[in-house]
S.K.: 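Below is a structure I'd like to ask you about.
Labels below follow one simple rule: chain letters A, B, ... track the order of the sequence lines, proteins then strands, and each chain is numbered from 1.
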Amino acid sequence: MERRTRVRFAPSPTGPLHIGGVRTALYNYLYAKQKGGDFIIRIEDTDSHRFVEGAEKYIIDSLNWCGIKADEGVDENGKVVETPSERHPHAPYRQSQRKGIYKKYADQLVAAGYAYYAFDTPEELEKARAEVETKGETFIYNQLTRKTLRNSLTVSKEECDKLILERTDWTIRFKMPEDTVVKMDDLIRGHIEVNTDTLDDKVLWKRNDELPTYHLANIVDDHLMEITEVIRGEEWLPSLPLHYLLYKAFGWEDTMPRFAHLPLLLKPDGKGKLSKRDGDKLGFPVFPLKWVNAQGEVSRGYREDGYFPEAFVNMLAMLGWNPGDDREMFTIDELVDAFSLERVLKAGARFNPDKAKWYNKEYLRMKSDKELTDLFVPILEQHGLQIVECAKCALVAGSEISVQGADFTNHIFTVGYVEKVVSLIKERADFVKDFWDIAPYLFISPDEFAAFGVKAGAFSEKSQAARPVDPRAKVYDDSLTAPFLAKDVDKFWKKENYELAFKAADFVRSYTGDFSKEAFESALEEYIKSNEWPLGKVMNCMRMALAGASSGLGIADIVTFIGKKEVAKRMEFIKGKLI
RNA sequence: GCUGGGUUCGUAUAACGGUUAGUACUCAAGAUUCUCAAUCUUGCAAUAUGAGUUCGAUUCUCGUACCCAGUACCA
């Protein structure tokens, strides 16, 4: 009979979950949902020494942000699940809280001859290791060496019993069979065979802290929780033979889960697997959420960097898996439908920050203006602007909100104004947080840039590189002077061009026609051309005056947004600044 | 070192043993524009290597190189 699909994500709370871990959780989730089964979160905290405060909460928060919801596990709506219930029949899901259940399984293995007591102290083992290493070999606790070490196989029954009672630092080790070929099947890698002579006698139980090691706890819990597929990182592949043998030793072969070992996420330069330190070094986050460690060191997170969770999840899903065709945009529900372990790749994938950014851009464009506005408003408020629902809602006495919805004097804007700005600039942005940098001049006048911490000259990243400042280009005071190339100064930023721009501004002031962008744009261009002025030069000087930058939105856009009054004000300002 | 896993443009990837080796990102060029973006078009660019099997190999087998993981009383 087919068993109900049950998979688990079983992280260890030793620090923040990096994106490789998130992907493992994601694939587990996708698999479970596609099969109509359960996705379980279990916390493997059997190493008390490496426990990190807050890590478990971080893991849960991260998965929630990604939209990866567990059917069963440690957490329910922010509360730790302590006792079994209908929804969480196997609670608790923290191995430290389950410590009472593992010992009997370890004992069972000893009784059946699959495991034995080992009395070697860590110091003794360390010494044995060091000794062998001087000969250039590696010490392995296995069928060859266990005969020379102190354990229940080499000491008498009486002494063994005595040591078990007296000492508190013994362990139970798995007795790896000799010269046996373990035949395994992996859902991703196919058939694998390993000879047990290359394996060691792993510790299963630690007397000193009364806890099992990963290997024992993992097998016991997967069995008790009726896990049907174990989907985990490739770093576990070398311990797969041990896990197979453990299932066999327990007599649980019939219900042994199937295994799938996922390829690792590699650094962008291809050297080694992605690790926690890489992010800040390589300039992109390796964590879903921001993390501050005990030393106060901050690691960036995708959420804080402005990524949409949908984009992050989509990007992550495509690293090591593909649907078999050219599609690459997937919602998490679409991923559930399309996912299959058969199409997961064997080779490790290098993480590509550019593609992550591209995904975010694509998702940003799919969002409605309303949604983006809601995200942008708090940023504007942080910059000291007041955003109001309607023109009459302004709290400042005497504020005059224009028909467009802007009061530049009192820094008040209507939501409608913000939404129109968003609609105009969203295609130029990768992130919502870019909105402000793209067009600050739609909210504040260039004469206030310094007060608002805005850098004049909104150059693209590319053209920003090392531009020498030409003194003749100084139209604002030093703090606001954008760096110009000398050839551009001769081409655009001459006083005579500004004179023409002022005349064009006079035309704007007297313009009484349709003030929509299209109508106004053609009227302005027609006016400039009819006077036989150089269109590009006049327009650029206007932009410098109105936007405080040599590049940016179209003049007609800027003018119709800020309004005639503000145009006149900004023109007057720059007049006094020209040298 | 040993054991296991892996290897298609710079990156992510596609290709019943038969394709002109496709797509996306990045990059470059052109178009467009008042500038910058955006957009559109075009372009650059790959089967690690040597044998074998086969009429035919990116695809199957073996060797070599390189990369990764594991080699803990960590997970």
Side-chain angles (χ1 to χ4, degrees), chain A residues 10-14 44-47 49-50 118 120-122 125-126 129 133 136-141 169-173 186 189 192-195 197-200 202-209 211 213-215 217-218 232-241 261 263-264 266 268-273 315 318-328 345-359 361 365 425-429 438 458-460 462-463 488 492 521 524-525 528 534-544 547 549-556:
Chain A
S12 171
T14 54
E44 310 224 324
D45 52 350
T46 52
D47 182 2
H49 308 288
R50 292 209 309 158
D120 321 278
T121 64
L125 290 175
E126 201 55 52
R129 242 177 225 118
E133 267 161 31
E137 290 162 27
T138 313
F139 173 83
I140 306 176
Y141 205 125
D169 59 352
W170 46 264
T171 60
I172 294 176
R173 281 180 183 268
D186 184 276
R189 279 148 220 286
I192 300 167
E193 295 190 0
V194 173
N195 189 298
D197 283 353
T198 65
L199 272 20
D200 63 344
K202 278 273 179 285
V203 170
L204 300 178
W205 172 267
K206 303 168 278 182
R207 169 62 178 88
N208 56 12
D209 44 21
L211 279 167
T213 61
Y214 168 83
H215 302 290
N218 186 268
R232 61 190 356 174
E234 193 186 342
E235 69 268 26
W236 293 110
L237 198 50
S239 30
L240 185 58
H261 289 88
L264 264 18
L266 274 19
D269 60 14
K271 299 282 176 209
K273 80 173 177 180
M315 176 273 295
M318 304 305 286
L319 235 40
W321 171 86
N322 70 80
D325 52 42
D326 288 341
R327 288 177 298 161
E328 51 184 351
L345 281 112
K346 296 186 182 81
R350 257 161 278 262
F351 176 74
N352 182 198
D354 279 329
K355 191 84 183 203
K357 202 184 262 190
W358 176 81
Y359 266 112
K361 185 174 82 179
R365 284 162 185 224
I425 65 176
K426 71 172 182 180
E427 68 175 21
R428 310 168 86 97
I438 287 170
F459 291 103
S460 72
K462 231 190 307 181
S463 59
D488 289 340
F492 297 112
E521 183 167 46
L524 178 62
E525 280 185 22
I528 293 170
L535 184 68
K537 291 174 186 177
V538 175
M539 289 297 212
N540 274 299
C541 285
M542 285 186 85
R543 180 176 297 101
M544 184 55 74
S550 59
S551 63
L553 296 170
I555 298 303

S.K.: Taking only N and O in the side chain of A/Asn322, is any of them less than 4.0 Å away from OP1 or OP2 of B/A14?
M.R.: yes
S.K.: Please determine whether a side-chain nitrogen or oxygen atom of A/Arg173 lies at a distance below 4.0 Å from atom OP1 or OP2 of B/C73.
M.R.: yes
S.K.: Between the base of B/G70 and the side chain of A/Ser239, is one N or O donor paired with an acceptor at under 3.5 angstrom?
M.R.: no
S.K.: For A/Thr14, which contact category applies under a 4.0 Å heavy-atom criterion: base, sugar-phosphate, or nothing?
M.R.: nothing
S.K.: Are any side-chain N or O atoms of A/Thr213 and backbone N or O atoms of A/Val203, one a donor and one an acceptor, separated by less than 3.5 Å?
M.R.: yes
S.K.: Hey, does the side-chain of A/Arg207 have a donor or acceptor N/O within less than 3.5 Å of a partner on the base of B/C73?
M.R.: no
S.K.: Tell me whether the OP1 or OP2 atom of B/A75 has a side-chain N or O from A/Lys206 closer than 4.0 Å.
M.R.: yes
S.K.: Identify the stems formed by RNA chain B, where each pair is Watson-Crick or G-U wobble with both distances under 3.5 angstrom and a stem is at least 3 consecutive pairs.
M.R.: B:1-7 with B:65-71, B:10-13 with B:22-25, B:27-31 with B:39-43, B:48-52 with B:60-64
S.K.: A/Leu319 near the nucleic acid: base, sugar-phosphate alone, or nothing, with a heavy-atom cut-off under 4.0 Å?
M.R.: sugar-phosphate
S.K.: Within the structure provided, determine whether A/Leu199 and A/Val194 are in side-chain contact (heavy-atom separation under 4.5 Å).
M.R.: yes
S.K.: If we ignore hydrogens and angles and just use 3.5 Å, is the side chain of A/Arg365 paired with the main-chain N or O of A/Lys426 as donor and acceptor?
M.R.: no
S.K.: What is the nucleic acid contact for A/Arg189, judged by heavy atoms within less than 4.0 Å: base, sugar-phosphate only, or nothing?
M.R.: sugar-phosphate
